[in-house]
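Have a look at the structure below, then the notes.
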2 protein chains.
Amino acid sequence: MDAMTTLAPPVSTPALMEAVAAVSAAYFLDFAAAAGRHGLSSSQAKALGVVLEPVPMRALAGRLGCDASNVTGIVDRLEGLGLARREAAASDRRVKIVTITDQGHEVLLKIRADMTRAHRALDSLSEEQRAGLLTMCRQLLPLLGN
Amino acid sequence: MDAMTTLAPPVSTPALMEAVAAVSAAYFLDFAAAAGRHGLSSSQAKALGVVLEPVPMRALAGRLGCDASNVTGIVDRLEGLGLARREAAASDRRVKIVTITDQGHEVLLKIRADMTRAHRALDSLSEEQRAGLLTMCRQLLPLLGN
DNA sequence: TATTGTTATACTCTATAACTATA
DNA sequence: TATAGTTATAGAGTATAACAATA
């Protein structure tokens, strides 16, 4: 039994949610700003990260958490910028596979390298928030079958 | 200087970024879904959370990470739903203060309660979501000083 | 019949620029 | 002159519904 365990009491759910919200908000704003500096919307940049591995349009919608009809426009614009491309699937001719291009890969790496504020956001968490995240991880692990 | 501080030093690593990205994506999708169930967009719900304390329009824009011109429409819709209201500032007649209403407070609490339930409903997670959470916990735990 | 991707439609979010009323 | 909020505009994201091609 270490000191951390004794110091991390049953953290209230609100405190835990605050910690996650604080980190998430900082991360999202940072991500959107970094994408914008490289001429992409956050949705486009997020999609670019998903298609690092070739993904069907439908599955991409699932990963982005939006309806399939939206993916058409998002991939249209990425394709127009030369950052991704559609390819026909061999097994099912209804399916189109989205793949990142070399140029897209370069842009994605630049965006990720640009993200630094999220680091500082996590560093600047209050001790209660930090304890909340720690407790969350400890509670989730056994529930996830670990 | 207490034990918590020594045990949880500031950390900045690529693994940490991945963990933050995973938790942020999960949180955002959860938040947007919970807001939608109560008839609000994620921007509207986020704004509602900010104005728990009265906030000038300009400051609200800063907190939302968007241009001030957008806040007009967002608050218009919240006001139309009876969830927030504008009030004149006493010190500066150019300024309008946005405040949450009792009804808005109720809706916000329902949304947040909804998220807590969603986070706890691990059984309903997809395999992909489950894997993402597991990875996040494993990466975040040691970096938090455990 | 069911599924994949697309299109059409309508609403919201977003930034830019111009406007007003205050300071 | 500078600032707070609004309006006008245009581009992008979003869901719903309907459609053609394919399974």
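Just the heavy atoms: all of them, side chains too, but no hydrogens, waters or symmetry mates, feed the values below.
- The two residues Leu60(B) and Val55(B) make their nearest non-hydrogen contact at N-CG1, 3.5 Å.
- Under the side chain to side chain contact (heavy atoms under 4.5 Å, CB included) criterion, Ala89(B) pairs with Val95(B), Ile97(B), sequence neighbours left out.
- Counting heavy atoms from C-beta on, the side chains of Cys66(B) and Val71(B) come closer than 4.5 Å.
- At a non-hydrogen distance threshold of 4.0 Å, Asp92(B), Arg93(B), Arg94(B) from residues 91-100 of chain B come into contact with DNA chain C.
- Residue pairs satisfying the side-chain hydrogen bond (donor to acceptor under 3.5 Å, both in side chains) criterion with at least one member in residues 73-89 of chain B, sequence neighbours excluded, are listed as follows: Asp76(B)-Arg86(B), Glu79(B)-Arg86(B), Arg85(B)-Glu87(B).
- Annotation: side chain to side chain contact (heavy atoms under 4.5 Å, CB included) contacts of His38(B) (sequence neighbours excluded): Val107(B), Lys110(B), Ile111(B), Asp114(B).
- Ile100(B) places a side-chain heavy atom less than 4.5 Å from the side chain of Val51(B).
- Regarding contacts with the backbone of dA4(D), every side-chain N or O of Arg86(B) stays at 4.0 angstrom or more from both OP1 and OP2.
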Using a 3.5 Å cut-off and no angle test, enumerate the donor-acceptor pairs between side-chain atoms of residues 41-49 of chain A and protein atoms at least two apart in sequence or in another chain.
residue	atom	partner	partner atom	Å
Ser41(A)	OG	Gln44(A)	N	3.2
Gln44(A)	OE1	Ser41(A)	N	3.0

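- Counting only residues at least two apart or on different chains, no salt bridge (Lys or Arg N to Asp or Glu O under 4.0 Å) pair has a member in residues 53-62 of chain A.
- Two different hydrophobic clusters hold Val50(B) and Phe28(A) under the rule that ILVMFWY side chains link at heavy-atom gaps under 4.5 Å.
- Evaluation of the salt bridge (Lys or Arg N to Asp or Glu O under 4.0 Å) test over residues 92-102 of chain A, restricted to residues two or more places apart or in two chains, returns Asp92(A)-Arg94(A).
- When the local axes at the two ends of the helix from dT1(C)-dA23(D) to dA23(C)-dT1(D) are compared, using 5 base pairs at each end, they differ in direction by 0° after rounding to 10°.
- Two residues are said to be in side-chain contact when any heavy atoms from C-beta on lie closer than 4.5 Å; Leu81(A) and Leu40(A) meet this criterion.
- Residues meeting the side chain to side chain contact (heavy atoms under 4.5 Å, CB included) test with Gln103(A), sequence neighbours left out: Leu83(A), Thr101(A).
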remark   = Scoring nucleotides 14-20 of chain D by protein non-hydrogen atoms under 4.0 Å (B base, S sugar-phosphate only, - none) yields BBBB---
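- Across the protein-nucleic acid pair, Glu87(B) atom CD and dG5(D) atom P stand 13 Å apart, rounded to whole Å.
- Contacts of Ser41(A) with the nucleic acid, taken as non-hydrogen atoms under 4.0 Å apart, involve only primed sugar atoms and P, OP1 or OP2.
- The side-chain hydrogen bond (donor to acceptor under 3.5 Å, both in side chains) analysis of residues 59-70 of chain B, with sequence neighbours excluded, yields the pairs Asp67(B)-Ser69(B).
- Within residues 46-61 of chain A, no residue places a heavy atom under 4.0 Å from DNA chain D.
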